[in-house]
Amino acid sequence: MSLLLVLSLGAGAQEDEPLQTYLREVMTAEDVESSTWEDVYDQLCYLSQHPFDLNTATRSQLEDLPFLSAQQIEELMDYLYHYGPMKSKGELLMIRSLDEARRKLLGSVCYVGEAPSKSFPRLKEILHDGHHELMASVRIPFQQKDDAYLGSPLRHWLRYQFNDGDYLKLGLVGSNDAGEPFFADGNRWGYDHYSYYLQLRGLGRLESLCLGHYRVSMGMGLVMNTQTSFGKVAMLQTLGRSQTTLRAHASRTDNYLQGAAATIRLSRLFSLTGFFSYRPMDATLNKDGTISTILTTSYHRTAGEMAKKHNLEALKTGGSLLYTYRGLQLGLNTVYAHLSRRLKPNTALLYRRHYPQGRDFFNMSLSYGYTSARLSLNGETAIDKSGHLATINSASLLLGDTWSLMALQRFYSFRYASLDARSYSSGGRVQNESGIYFGLTWKPSPNLQLMAYTDYAYYAWARYRVPQSSDAWDHLVQATLRHHRWQFFARYRLQDTDHRFRMSAEYTGTGGFSMLTQLDGCYLPDEQQARGRVATQRFTYQHRWLTLHLGLSYYHTDNYASRVYLYENAPLYTYSVMQLYGEGFRWWLLARAAIGRRLKLSAKASGTDLDLQIRWKI
């Protein structure tokens with residue numbers, strides 16, 4: 001399987017270059033097929049447009065950044081504690097654990113403000129410092145509508161948000177996928193999906209408060225994680241850190257909780273995070289009214305899909321008590337879930353024999369970690385209500401400024417049951433997997449970085465299309481070289497018997513011009529020796545108020561198994577992916593125009609559709 005990643009985060013060509021480079025380096029085929037990476041994309045879009053003040057950042061805000069390791073967060077917090085507020089971003093050079101790429105990434109999503117306030121500002125100050133933002137987007141397909149669809153072929157969404165940068169964020173998102181009815185056929189309130197949220201930070205001992213739609217992450221995700229996923233390359237870059245964070249859900253995806261959540265600082269050493277959620281969910285029902293499958297696709301385009309909408313209610317509550325002292329972290333995490341209908345998967349299928357069943361679920365875990373300047377230890381051990389075990393443990397070591405080593409072990413019993421667990425996994429589930437992962441990063445010079453990992457997984461029970469116990473090997477090596485205005489990237493991956501590679505050369509010139517040439521390929525000997533390849537050329541030009549992106553790709557695959565995934569430049573918050581197989585060309589042209597300081601327009605034309613977007617900032 002081949003993969004092409006050419007991503008745009010909606011800012012100017014020079015502003016979002018570090019984020020584009022980061023995504024190209026860390027995302028693999030499994031990450032692309034995971035819906036959680038759309039959440040990561042939305043989060044990075046938001047950060048690129050709403051940078052935060054580094055001098056007032058809390059630990060939880062830094063843990064929201066998917067590209068920082070525990071050592072880097074610890075060193076940043078320690079620097080601010082000992083030396084006070086930074087005067088400029090140039091002081092990031094003093095954080096030795098940050099390499100040039102991480103400094104650019106961090107600099108693209110933060111700014112250095114004045115000395116931080118010691119108290120929560122008055123409402124008048126928040127309204128004065130904050131800004132309103134209204135966005136509307138529509139996608140017009142060039143193909144004819146499917147007759148089975150209930151609604152228009154247009155995909156459209158509307159987003160309103162108020163943000164003051166540090167203390168308050170509130171907003172409302174309404175969205176319709178192509179084919180979903182609008183003010184009709186089960187959507188009498190207009191959009192098919194709404195997300196509303198309010199988040200407050202820095203209210204004295206109340207560190208964070210979320211109302212409406214939000215996300216929660218605890219430990220390393222064995223009992224609760226509705227935030228970002230743990231890809232294999234991303235895991236190596238963050239060195240396996242754990243986190244307990246709250247974040248407002250401002251995305252159009254279905255992965256959220258609904259209700260209230262808060263983090264309270266009980267003392268200098270203890271903090272408490274608690275949440276309560278009650279929301280409807282989509283589900284496929286059995287003939288007896290029980291649940292066959294809980295759905296997260298959130299598609300309601302046909303009568304059959306609409307019949308599955310909101311026919312299940314889920315109550316979820318829990319919390320985390322966290323102890324921190326001089327780099328040491330201990331957390332006690334609990335989650336209870338109750339479903340309005342009994343979950344009863346088809347256990348006649350062998351691979352589903354031990355899927356979660358019932359109406360009530362309880363999980364408890366102990367998370368633990370220690371972080372120093374060179375060493376980081378993280379782990380979590382969890383049990384479900386029947387006592388079945390899941391555990392994950394990692395250790396990372398920094399050897400000078402050139403080497404970093406990491407090892408990760410996991411054991412997830414094939415009987416372990418949790419509705420909201422999401423952690424590192426080669427098979428995609430926190431169940432029926434044990435394995436060991438080794439990774440290293442070597443930086444022989446400031447301009448050259450080499451990364452490699454090897455991962456072994458064993459599955460004690462049957463999996464989809466594998467009716468007995470099995471195992472899997474995965475190896476990857478990649479290199480990044482920066483030379484003046486050029487950046488060269490190469491990756492080779494061997495997953496069992498499947499071979500994949502990527503090579504790219506990127507040039508950033510003067511006058512707002514840049515270009516990227518990229519080649520991806522794969523060879524699948526077990527799939528009739530199938531081959532797939534895709535070559536892409538992208539140009540970007542930015543001049544004052546106008547930014548242009550032009551891309552052209554040629555793809556050729558032997559069959560569906562060797563299909564390629566093509567990611568394209570797109571308007572802000574638009575996760576653009578094309579699944580291609582056969583042979584052909586794909587092109588796109590994206591134009592962004594800034595009309596004054598408050599209005600931005602985007603238009604993207606491609607071989608299949610037209611995207612239009614307007615963004616108004618007050």
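Since the model is a prediction, treat every value here as computed from it, not as a measurement. Any value given below was found using the heavy atoms of this structure, including those in side chains, with hydrogens, waters and symmetry copies removed.
Pairing each heavy atom of Asn559 with each of Gln528, the nearest pair is ND2-OE1, 4.4 Å. Taking both residues in full, the closest heavy atoms of Glu433 and Gly427 are given as OE1-N, 2.9 Å, listed atom of the first, atom of the second, then distance. Across all non-hydrogen atoms, the minimal contact from Ser394 to Met406 is CB-CE, 4.2 Å. When all heavy atoms are compared, the tightest approach of Leu154 to Pro141 is CD2-CD, 4.2 Å. Nearest heavy atom pair, residue Ala591 against residue Leu548, reads CB-CD2, 3.6 Å. Residue Tyr412 comes nearest to Val430 through the heavy atom pair CD1-CA, 3.8 Å, listed as atom of the first residue, atom of the second, then distance.
Looking only at side-chain heavy atoms (C-beta outward), Ser251 and Tyr46 stay at 4.5 Å or farther from each other. Side chains of Asn255 and Thr296 form no contact here, defined as non-hydrogen atoms less than 4.5 Å apart. When side chains are defined from C-beta on, Gln478 does not count as touching Tyr453, because their heavy atoms never get closer than 4.5 Å. Between Trp587 and Leu552, some side-chain heavy-atom pair lies under the 4.5 Å cut-off. Two residues are said to be in side-chain contact when any heavy atoms from C-beta on lie closer than 4.5 Å; Trp157 and His193 fail this criterion. Val534 is not listed as a side-chain neighbour of Thr557, based on a closest heavy-atom distance of 4.5 Å or more. At a threshold of 4.5 Å between non-hydrogen side-chain atoms, the residues Arg544 and Leu546 do not count as touching. Annotation: side chain of His499 is not in contact with side chain of Phe501 (no heavy-atom distance under 4.5 Å).
Ring orientation note: the planes of Tyr191 and Tyr194 are nearly perpendicular, at an angle over 60° on the 30°/60° scale. Under the 30°/60° scheme for interplanar angles, the aromatic rings of Tyr464 and Tyr351 are found to stand perpendicular. Ring orientation note: the planes of His156 and Phe182 are nearly perpendicular, at an angle over 60° on the 30°/60° scale. Ring pair Tyr437/Tyr424 is perpendicular by interplanar angle, where above 60° counts as perpendicular and below 30° as parallel.
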Going through the distances and angles, do His300 and Asp185 end up as a side-chain hydrogen bond (donor to acceptor under 3.5 Å, both in side chains)?
-> CA-CA 10 Å; His300 308 116; Asp185 294 320; over 6 Å; no
Verify salt bridge (Lys or Arg N to Asp or Glu O under 4.0 Å) between Glu506 and Arg538, making sure each step is shown before the conclusion.
-> CA-CA 9 Å; Glu506 185 173 12; Arg538 188 195 72 184; 3.6 Å; yes
Worked verdict on Ser553 versus Trp588 for side chain to side chain contact (heavy atoms under 4.5 Å, CB included) | CA-CA 9 Å; Ser553 293; Trp588 69 93; 3.9 Å; yes
Steps toward side chain to side chain contact (heavy atoms under 4.5 Å, CB included) verdict (Asp455, Trp473) = CA-CA 6 Å; Asp455 182 54; Trp473 277 100; over 6 Å; no
Show your reasoning for whether side chain to side chain contact (heavy atoms under 4.5 Å, CB included) applies to Asp177 and Asp192.
-> CA-CA 8 Å; Asp177 286 307; Asp192 180 75; 5.7 Å; no
Test log, rule side chain to side chain contact (heavy atoms under 4.5 Å, CB included), inputs Lys604 and Asn569 = CA-CA 8 Å; Lys604 176 193 172 184; Asn569 298 89; over 6 Å; no
Check against salt bridge (Lys or Arg N to Asp or Glu O under 4.0 Å), Asp609 and Arg155 = CA-CA 10 Å; Asp609 44 54; Arg155 177 186 179 186; over 6 Å; no
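The closest donor-acceptor contact from the side chain of Gln449 to the backbone of Leu481 lies at 3.5 Å or more, if one exists at all. Side chain of Ser423 to backbone of Met220: a donor-acceptor contact under 3.5 angstrom is found. Without hydrogens or angle criteria, Lys89 side chain to Arg103 main chain gives no donor-acceptor distance under 3.5 Å. A donor-acceptor distance shorter than 3.5 angstrom exists from the side chain of Arg159 to the backbone of Ala250, with no hydrogens or angles considered. Although no hydrogens or angles enter the test, the distance criterion places no donor-acceptor pair under 3.5 Å between the side chain of Ser504 and the main chain of Thr517. Distance alone, capped at 3.5 Å, is enough to place a donor-acceptor pair between the Arg533 side chain and the His556 backbone.
Tyr492 and His475 share no side-chain donor-acceptor pair at under 3.5 Å. In summary, the side chains of Tyr554 and Glu583 do present a donor paired with an acceptor at a separation below 3.5 Å, with no hydrogens or angles considered. No hydrogens or angles considered: nothing links the side chains of Ser562 and Arg531 as a donor-acceptor pair under 3.5 Å. When only modelled atom types and interatomic distance are considered, Arg422 and Ser217 share no side-chain donor-acceptor pair under 3.5 Å. Side-chain contact of Tyr560 with Gln579: a donor-acceptor pair under 3.5 Å is present, judged by distance alone. Tyr197 and Gln161 are linked by a side-chain donor-acceptor pair at a separation below 3.5 angstrom, with hydrogens and angles left out of the test.
Annotation: the span from Thr226 atom OG1 to His249 atom NE2 amounts to 9.0 Å, rounded to 0.5 Å. Once rounded to the nearest 0.5 Å, the distance linking CE of Met281 with CG of Asp254 reads 6.5 Å. One distance of note links CD of Gln613 with CG of Leu590; it measures 9.5 Å at 0.5 Å rounding. Atom CG of Asp611 sits about 9.5 Å away from atom OG of Ser602, to the nearest 0.5 Å. With rounding to the nearest 0.5 angstrom, the OH atom of Tyr456 is 7.5 Å from the OG atom of Ser434. To the nearest 0.5 Å, atoms CZ (Phe52) and CG (Leu62) are separated by 5.5 Å.
Note: Trp486 and Phe488 meet the aromatic proximity criterion, with ring centroids under 6.0 Å apart.
Atom CH2 of Trp545 is surrounded by 12 or fewer heavy atoms from other residues, nucleotides or ligands within 6.0 Å. The environment of OH in Tyr299 is sparse: at most 12 heavy-atom neighbours from other residues, nucleotides or ligands sit within 6.0 Å. When the shell of 6.0 Å around OH of Tyr581 is examined, it contains 12 or fewer heavy atoms from other residues, nucleotides or ligands. Atom CH2 of Trp403 has more than 12 neighbouring heavy atoms from other residues, nucleotides or ligands inside a 6.0 Å radius.
Remark: Arg429 is positioned above the aromatic ring of Tyr355, its terminal NZ or CZ atom under 6.0 angstrom from the ring centre and at most 45 degrees off the axis.
Test Arg301, Lys308, Lys309 against Glu305 for salt bridge (charged side-chain N to carboxylate O under 4.0 Å, His left out) and you get one pass: Arg301.
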